[in-house]
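Step one of this worksheet: look at the structure below.
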Amino acid sequence: MSVKLYIDAITDAMRQEMERDPAVFILGEDVGVRGGVFRTTQGLIDQFGEERVMDTPLAESAIVGVAVGAAAYGMRPIAEIQFADFILPAVNQIISEAAKLRYRSNNDWQCPLVIRAPFGGGVHGALYHSQSLEALFYHIPGLKVVIPSTAYDAKGLLISAIRDPDPVIYFEHKGMYRLIKDEVPDDDYVVPIGKAAVRRDGTDITVITYGLMSHYTLTAAEELAKEGISAHVLDLRSILPLDKEAILEAVRKTGKVLIVHEDNKTGGVGAEVSAIIAEEALFELDAPIARLGGPEIPAMPFSPPLEKFYMLNPDKIAKAMRELAAF
Amino acid sequence: MSVKLYIDAITDAMRQEMERDPAVFILGEDVGVRGGVFRTTQGLIDQFGEERVMDTPLAESAIVGVAVGAAAYGMRPIAEIQFADFILPAVNQIISEAAKLRYRSNNDWQCPLVIRAPFGGGVHGALYHSQSLEALFYHIPGLKVVIPSTAYDAKGLLISAIRDPDPVIYFEHKGMYRLIKDEVPDDDYVVPIGKAAVRRDGTDITVITYGLMSHYTLTAAEELAKEGISAHVLDLRSILPLDKEAILEAVRKTGKVLIVHEDNKTGGVGAEVSAIIAEEALFELDAPIARLGGPEIPAMPFSPPLEKFYMLNPDKIAKAMRELAAF
Amino acid sequence: MAFEIGETAVKRHRHIGLTDQDVMNIYENMLLARVLDERMWLLNRAGKLPFVVSGQGQEGAQAAAAYALDKQRDVILPYYRDLAMVLAFGETPLDILLANFGRANDLSSGGRQMPGHFSARRHRIFSQSSPVTTQLPHAAGIALAARMRGEDLVTYVSFGEGSSNQGDFHEACNFAGVHKLPVIFFCENNHYAISVPLHKQIGSKYVADRAAGYGFPGIVVDGNDVLSVYAHMKDAVERALRGEGPTLIEALTYRLHPHSSDDDDRSYRSKEEVEAARARDALVTFRRYMIDEGVLTEQEEKDLRNRLTQDVDRAIEEAERSPLPAPESALNHVYADGK
Amino acid sequence: MAFEIGETAVKRHRHIGLTDQDVMNIYENMLLARVLDERMWLLNRAGKLPFVVSGQGQEGAQAAAAYALDKQRDVILPYYRDLAMVLAFGETPLDILLANFGRANDLSSGGRQMPGHFSARRHRIFSQSSPVTTQLPHAAGIALAARMRGEDLVTYVSFGEGSSNQGDFHEACNFAGVHKLPVIFFCENNHYAISVPLHKQIGSKYVADRAAGYGFPGIVVDGNDVLSVYAHMKDAVERALRGEGPTLIEALTYRLHPHSSDDDDRSYRSKEEVEAARARDALVTFRRYMIDEGVLTEQEEKDLRNRLTQDVDRAIEEAERSPLPAPESALNHVYADGK
Ligand SMILES: Cc1ncc(C[n+]2csc(CCOP(=O)(O)OP(=O)(O)O)c2C)c(N)n1
Ligand SMILES: Cc1ncc(C[n+]2csc(CCOP(=O)(O)OP(=O)(O)O)c2C)c(N)n1
Ligand SMILES: [Mg+2]
Ligand SMILES: [Mg+2]
């Protein structure tokens, strides 16, 4: 056990899995000598060579498409998309190919592929280096989608993803790389895909969230505790599949639910979480199901006042929590 | 006024708009002498020539990307995607470019573009010629998404889409082309984007739906009427923006809501509709918000028993309606 | 190529290392594909099959290409017209028909995919989707995986000339070119993408002109010239196995039927054009070559055709008798755990 | 090209139809871009600008290309390094700085986009996004629209060599090739895509080798040879206006700075390599040419540099004083009706 940065937990998971299994390899833009533009693959090329830490041409559809072929033929590729925003040219390979390969071949072929993509805002990345893209994929059967919010989960979920026999999209929040650190086992361990985590026990209101917003919500919850409001906080961790039982249990705890994500609200993950609750736990509710997300604008602008306007923060979340508690 | 097929209403809208405005043109695969693989552009090349009814190379990203450039430079392109399933290679051009052009240029450039895409199943099209793709786009601010279910709406919404100053995705259900016919004015008229339509007045339960499922729901509603259950049916018509007022009004009518779509349930349009209701009309509800959609499998299989298993039909919808009414 | 049909004194196929038996094998492969394909159209017109997509006119190129590959060593990523190719790799007419009839024991997909979406892991045939050209990066990926695993093989990936205009063509060719992967990109240029004629599809004269942009050879070959296709394929295979990287082979062919059973080709091409192509069809010209060269007699050819027809007819009966999948089986195999 | 720097007896620029004033204009454009770019790095290092992406080393190619275009007639779709290009098309240092400082009256985006995402409808500069290569189909689309509207123009679209590996490059080039659209595809090959060197990026030797696959000329030119770039651009423009279609010009350049202010280039290239490139830099070599040819004196050059520096410094002050956008303005212009 040692305290590690979120980013180092990610690198650790890749290194250990590559040591364990020669089938695991990384491909992407600048993952080699550059160690990734965020330094997530730092040092790996020295240890594993340029074949297993492969710099590719600037072509996301090929990165994913080549990985699909390699995965089907016995390898365990980790395809890095430099910024989640640039996953869009690869959407056809992800949705038509990776997600459907096992199904369409009636279990004859498989696609054990991990796609890692740094997402999220608040880093002056503007419209195309800040987006949350999970809502495009959580609708697609055949995929799994995870979003770790702690260093512990970052490592454990990445190891799970690499060992998973099916394609997993692993969204890592770039704002958390060097902001978040916590206790991480040195050895290997897994955090199961599809299990949410209770981050805080509480009795008055329930907040369901994930990613960087988990931390902001916990900060807000501490603030509210001082005001006598006790918040229960659930971190989804997996977006597809959603942990339905954990969601319903968290609802039952307090009867008042707020769903928080950085992504814009319409059609976001919060829509499905809300719909699950309205379908299966309606009579547990003491208040309308509230959602808090980014505004309905195409993406997060560059200029600081605009970016700040877009991004949620503990204050905005606390405000929504107070309103819910007062309902 | 005359009774027209859904498909002919689509062709009419294009022809009349092309006659009215020389900036309107069509580009896509096989839209020329072939008149489209479904015959939606039949005859148009004879009337307008091969420049305005342009057969393109087999390259969806170029079809949309070229249309974005042309739209920005004063034209009004209608880009045809041969099957909605094949819109995926163009997702980057749609989401990064078309949807964001006006916003990112602070209103300096614009993108009056229509993307027409035949979608939907029940036509033995199997995994890749049957999908419903609207959930990938209804989350994206900057786009509009419409899905007409009558010949009247098909024409009126397409005219609205063509005249709209922003990008509109127009999903037309290929199973409805020659199945649905109704009264269509010969002259031009518009059906406004963003307005739902009440298809049936009722007092016991509300069904919110769109596309081919509107018809199946109406059939089911007639069946239920015989059993003494009165169903209120709302056809969304626009998926983005959703007609929130119409949704809430329909909920208030009966207090019991079922949302029905052909697409799979998780993260589908029904999730957002449900979440809107749970957020804004929770205390109007007398029953959990029910959703009925396709199963959580990657797409609709070919073999008739499998396809039938996937597709909703009036019986399956009637069953869900009965359950809700009995709640 | 140095050879043209009819020019030889010595049997031309011997020059390129093929025995009489070899060319017989190639011809049988072509003929089986043709007979099966014809039968499927009849079944479609009789209302028994909802959909047929045809390889007729392209069998010569396919069978020749297949003969240059090693069925135990190589992996193929065929496209929907590659009936002769997948038959060569071990699929039987019954396998094809079970897929066409959407039966439970369809090898490729358990009745899930449309006809023509070949797949069979046991035969080293990779699974195909419908959006065109996505298989090209997969071919590079399989070649890369094989190299990393220390296996010597060639991946063969085919596609129409229309499909060569998708971005994935470019990205896959370049990836394979950079890494000198053992991939053979085999373009079956039948001059139409559904209704769109070649000159509205590609800016250059040949698809093969694109290979130079990825640093590997691009070859144009008459797809009806079976021996020429074979010879070029053989070179490409050897080149790939020597570690010298990919080759793009463009076989000039013609599609004798409409795009699919849903298409009507009269709006975009003339009867005369199709008739002219029928005369160049490898089923006609290669047959003539074999008879002229004394490899095959008219009678032997007739007997062969009868035998293959009977085989196919038996397979049709069996496929029709075969059970449909259980409805709930639609839920299986979304993920490895069955869920 | 028939000319090489230094080889001429008669002034080389006169041979290609440029007056002394013309080359002065080009040089001033290059120099202004350089001065402004240098200032922005200083502001970044001083903590005043969060992000800079640099065109240093590529100004010669850009200014030469710009000089062959007509600012009232043509439309440009530049990429993020094209500072000299957009200055030539009418953007001022203040415009650039307002964008870099994210100010409300930033011409390109009202402070919404990252620096380097040029756009200005009044200057015929199309708006750019960050995912690379998406602008190439737009260039074809604008050229098509102009043709349909009866306007004669050329669209100029630039991109790095790394970006030429995206599918959109292929699809756009082919579309433009099929329709013989007046598009100039201008590849600024600076030999790196961030850290990835050329040989890991492209399978061929040159990006220009790809043009043949789309049926139009592909030309490789020394991007530091300003006059040569100009001459090839001029040919391409004339060809486009004659209706003969696109040209792909690949200018061989070098990026003198790290990829952006977030990058550190020491992990992937040597100091020596960068120093060698500095010696070939057009700012050095073209300056020497002009002085050698007597078009410019050392003193005039110094005065020019001072004047441009003062202009830029004044623009910096003004930009810094300029207001930030109002927070709620983030909600504007999602759709035409403001909503
Ligand atoms: C991405 C995509 N767009 C459109 C289609 C519809 N479609 C199926 S086959 C075809 C034409 C293919 O032409 P070509 O590649 O030349 O192959 P051919 O059918 O002529 O053998 C088209 C447009 C598709 N399958 N995938
Ligand atoms: C689709 C996409 N993928 C990745 C990136 C991240 N990225 C920005 S610039 C760049 C390298 C571009 O190299 P090149 O095209 O050669 O242009 P240069 O920066 O060298 O001028 C990369 C990988 C991006 N912007 N878009
Ligand atoms: Mg073809
Ligand atoms: Mg570069």
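This one's a predicted model, so the numbers in the text were calculated from it and none came from an experiment. In what follows, every chain begins at residue 1, and chains take the letters A, B, ... in the order their sequences are listed.
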TODO: For F51(C) and H124(B), run ring-ring contact (aromatic ring centres under 6.0 Å, His included): C-alpha distance rounded to whole Å, both residues' side-chain angles, the deciding distance at 0.1 Å, then the answer.
DONE: CA-CA 9 Å; F51(C) 181 81; H124(B) 314 311; over 10 Å; no
- [ ] Could you walk me through whether S54(C) and D37(C) pass the side-chain hydrogen bond (donor to acceptor under 3.5 Å, both in side chains) test, one step at a time?
- [x] CA-CA 6 Å; S54(C) 183; D37(C) 203 312; 2.8 Å; yes
Task: Derivation of the ring-ring contact (aromatic ring centres under 6.0 Å, His included) call for F186(C) and Y79(C) - done: CA-CA 10 Å; F186(C) 194 81; Y79(C) 91 120; 9.5 Å; no
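A distance-only check finds a donor-acceptor pair linking the side chain of R52(B) to the backbone of M18(B) [under 3.5 Å]. Distance alone, capped at 3.5 Å, is enough to place a donor-acceptor pair between the Q131(B) side chain and the L127(B) backbone. For T209(B) (side chain) and V260(B) (main-chain N/O), a donor-acceptor pair under 3.5 Å exists by modelled atom type. The closest donor-acceptor contact from the side chain of Y170(B) to the backbone of A154(B) lies under 3.5 Å. No donor-acceptor distance shorter than 3.5 angstrom exists from the side chain of S303(B) to the backbone of L306(B), with no hydrogens or angles considered. A distance-only check finds no donor-acceptor pair linking the side chain of N100(C) to the backbone of L97(C) [under 3.5 Å].
Listed here is the closest heavy atom pair of Y138(B) and G268(B): OH-O, 2.9 Å.
In this structure, the portion of P50(C) lying under 4.5 Å from any heavy atom of chain B is its side chain and not its backbone. Proximity to chain B is limited to the backbone of D262(C), based on heavy atoms less than 4.5 angstrom apart. With a threshold of 4.5 angstrom between heavy atoms, F302(B) approaches chain C through its backbone and through its side chain. Both the backbone and the side chain of D263(C) come within contact range of chain B, each with at least one heavy atom under 4.5 Å from a heavy atom of that chain. For V37(B), the part lying under 4.5 angstrom from a heavy atom of chain C is the side chain only.
Most heavy-atom pairs under 4.5 Å with chain B: of the set M114(C), R266(C), H117(C), this distinction falls to M114(C). Counting heavy-atom pairs closer than 4.5 Å to chain C, the top-ranked of the candidates D55(B), D30(B), I297(B) is D30(B). Considering only heavy-atom pairs separated by less than 4.5 Å from chain C, the leading option among M300(B), H129(B), K308(B) is H129(B). Comparing P115(C), S164(C), G167(C) by heavy-atom pairs within less than 4.5 Å of chain B, the highest count is held by P115(C). Interface check for chain C: of the options G125(B), P304(B), G32(B), the most heavy-atom pairs under 4.5 Å are formed by G125(B).
The shortest side-chain heavy-atom distance between Y206(C) and L252(C) falls under the 4.5 Å cut-off. Considering only heavy atoms from C-beta on, L87(C) comes within 4.5 Å of P93(C) through its side chain. V334(C) places none of its side-chain heavy atoms less than 4.5 Å from the side chain of E296(B). You'll find the side chain of F25(B) reaches within 4.5 Å of the side chain of P77(B), heavy atoms only. Residues E80(B) and F38(B) have side chains not in contact (no heavy-atom distance under 4.5 Å, counting atoms from C-beta outward). Proximity of F101(C) to L49(C): side-chain heavy atoms (C-beta onward) are separated by under 4.5 Å at one or more points.
Near-neighbour residues of residues 86-98 of chain B relative to chain C, defined by a heavy atom under 4.5 Å from a heavy atom of that chain, comprise F86(B), P89(B). Residues of residues 57-66 of chain B having a heavy atom under 4.5 Å from any heavy atom of chain C, listed by number: P57(B), L58(B), A59(B), E60(B). Contact residues of residues 189-202 of chain C toward chain B are A193(C), I194(C), S195(C), V196(C), K200(C), Q201(C) (heavy-atom distance under 4.5 Å). Listed by sequence position, G102(C), G110(C), G111(C), R112(C) are the residues of residues 102-112 of chain C in contact with chain B, using a 4.5 angstrom heavy-atom cutoff.
Classification of the F169(C)-Y214(C) ring pair by plane angle, with boundaries at 30° and 60°, yields perpendicular. Below 30°, between 30° and 60°, or above 60°: for Y80(C) and H259(C) the angle between ring planes is above 60°, a perpendicular geometry. Between F119(B) and H173(B), the ring planes are perpendicular. Angles over 60° get that label, and only those under 30° would be called parallel.
Atoms CD1 and CG, from I7(B) and D12(B) in turn, are 11.5 Å apart once rounded to the nearest 0.5 Å.
K316(B) NZ: more than 12 foreign heavy atoms inside a 6.0 Å radius.
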